[in-house]
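In what follows, a structure is listed as structure tokens, so that the remarks can point back to it.
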Amino acid sequence: MIQHRPLWIVLATAACLHLAGCQNLRQPKAPAASDLSTEIIQGARPAGSDAACWATDETPAVIETVTEYPAPDITTDAAPIDEVRPRQEIITPRETIWFRTPCEAELTDEVITTLQRALAVRGLYSTSPTGQLDRETRAAIRAFQLPRGLNSDQLSLAAARELGIIAVDTGKAPEP
């Protein structure tokens with residue numbers, strides 16, 4: 001014998017399926033990448049910086065090869081090849097930069113493991129987390145910071161906050 005379900009169950013199921021198809025399933029957008037270059041201080045160590053931890057690094061010079069060609073010979077309409085002179089020109093000189101960084105006491109093995117996992121989620125770190133600031137971790141830190149304006153393999157405080165491994169400073173004193 002065939003049993004039929006009551007009509008109200010069939011209609012309620014159909015209505016639920018219809019309404020489920022009408023939902024807006026837009027994914028939330030990730031926050032925009034921060035500009036770490038705003039936290040860079042060029043030159044000497046910042047005055048009054050004893051209360052915070054700072055890192056220093058050298059930005060590499062940007063050098064471009066410029067090729068000078070002599071004026072073409074009017075009779076042959078070609079430049080003599082042996083007179084072509086390439087020269088190197090410094091576009092941006094090397095500089096010492098300073099930026100805030102998590103203090104050494106904050107960078108425990110657990111925090112570094114969390115950093116490695118956060119970089120792995122973003123596709124920048126592909127080995128197993130070790131809890132050590134090894135060559136692969138430093139390369140991943142540079143890959144994360146470079147598009148944000150900081151060309152360094154040392155973790156900046158702003159990058160650590162953006163990755164969610166260091167608490168964001170709200171400017172308020174902690175409550176007792």
Side-chain angles (χ1 to χ4, degrees), residues 29-108 111-169 171:
K29 289 185 179 180
S34 62
D35 182 7
L36 302 180
S37 66
T38 59
E39 302 212 2
I40 295 174
I41 298 173
Q42 298 172 337
R45 183 180 176 119
S49 61
D50 295 334
C53 296
W54 292 82
T56 184
D57 206 347
E58 295 283 330
T59 60
V62 177
I63 301 173
E64 185 176 273
T65 300
V66 178
T67 305
E68 295 177 345
Y69 297 94
D73 185 358
I74 297 175
T75 59
T76 62
D77 201 29
I81 295 176
D82 59 341
E83 293 184 27
V84 173
R85 294 183 206 114
R87 65 178 170 82
Q88 304 233 323
E89 188 174 299
I90 297 176
I91 305 299
T92 307
R94 184 176 79 179
E95 269 185 314
T96 300
I97 59 169
W98 290 86
F99 54 93
R100 297 226 9 231
T101 187
C103 294
E104 194 172 323
E106 293 176 290
L107 293 177
T108 63
V111 170
I112 295 171
T113 300
T114 303
L115 167 66
Q116 290 166 333
R117 288 184 179 134
L119 293 167
V121 165
R122 289 159 179 84
L124 302 171
Y125 184 80
S126 59
T127 60
S128 297
T130 62
Q132 302 298 313
L133 279 173
D134 52 17
R135 187 183 55 192
E136 292 84 8
T137 306
R138 291 197 178 275
I141 291 170
R142 184 183 302 274
F144 179 77
Q145 295 182 144
L146 187 58
R148 291 161 173 79
L150 179 58
N151 186 6
S152 177
D153 66 353
Q154 298 180 60
L155 182 65
S156 71
L157 188 60
R161 287 180 176 151
E162 186 175 336
L163 288 166
I165 61 168
I166 300 290
V168 175
D169 184 15

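Residue numbers run from 1 in the order of the sequence given. Model, not experiment: these values are computed from the prediction.
Although no hydrogens or angles enter the test, the distance criterion places a donor-acceptor pair under 3.5 Å between the side chain of Arg122 and the main chain of Ala118.
Residues meeting the side chain to side chain contact (heavy atoms under 4.5 Å, CB included) test with Ser126, sequence neighbours left out: none. Considering only residues two or more places apart in sequence or on other chains, Ser152 meets the side chain to side chain donor-acceptor pair (under 3.5 Å) condition with Asp57. Partners of Gln88 according to the side chain to side chain contact (heavy atoms under 4.5 Å, CB included) rule, which considers only residues two or more places apart in sequence or in another chain, are Ile63, Thr65. Residues passing the side chain to side chain donor-acceptor pair (under 3.5 Å) test with Gln116, sequence neighbours excluded: Tyr125, Thr130, Thr137. The salt bridge (charged side-chain N to carboxylate O under 4.0 Å, His left out) test applied to Arg117 returns no partner, not counting sequence neighbours. Scored by the side chain to side chain contact (heavy atoms under 4.5 Å, CB included) test, Ala55 finds Phe99, Thr101, Gln154 as partners (sequence neighbours excluded). In terms of the salt bridge (charged side-chain N to carboxylate O under 4.0 Å, His left out) criterion, Glu104 has no residue partners (sequence neighbours excluded). Residues meeting the side chain to side chain contact (heavy atoms under 4.5 Å, CB included) test with Thr92, sequence neighbours left out: Val62.
Pairs passing the salt bridge (Lys or Arg N to Asp or Glu O under 4.0 Å) check and including a residue from residues 146-156, sequence neighbours excluded, read Arg148-Glu162. Among residues at least two apart or in separate chains, salt bridge (Lys or Arg N to Asp or Glu O under 4.0 Å) pairs with a member in residues 87-99 are Glu58-Arg94, Glu68-Arg87, Arg87-Glu89.
With values rounded to the nearest 0.5 angstrom, Ile165 atom CD1 is found 4.5 Å from Leu115 atom CG. To the nearest 0.5 angstrom, Ile40 atom CD1 is 7.5 Å from Leu36 atom CG. Note: Arg142 CZ to Asn151 CG = 5.0 Å, rounded to the nearest 0.5 Å.
Nearest approach of Pro147 to Ala143, heavy atoms of both residues: CD-O, 3.1 Å. Closest heavy-atom contact between Leu119 and Ala140: CD1-CB, 3.7 Å.
Other residues, nucleotides and ligands contribute more than 12 heavy atoms inside 6.0 Å of the CD1 atom of Ile91.
Considering only heavy atoms from C-beta on, Pro102 comes within 4.5 Å of Leu155 through its side chain. At least one side-chain heavy atom of Glu64 sits under 4.5 Å from a side-chain heavy atom of Val66.
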Task: side-chain contact (heavy atoms from CB on, under 4.5 Å) between Ile141 and Leu124, intermediate numbers included - done: CA-CA 8 Å; Ile141 291 170; Leu124 302 171; over 6 Å; no

Task: Gln145 vs Ser156, side chain to side chain donor-acceptor pair (under 3.5 Å): CA-CA, chis, key distance, verdict - done: CA-CA 8 Å; Gln145 295 182 144; Ser156 71; 3.1 Å; yes

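Just one of Ile41, Leu150, Thr56 meets the side chain to side chain contact (heavy atoms under 4.5 Å, CB included) condition when paired with Ile97; it is Leu150.
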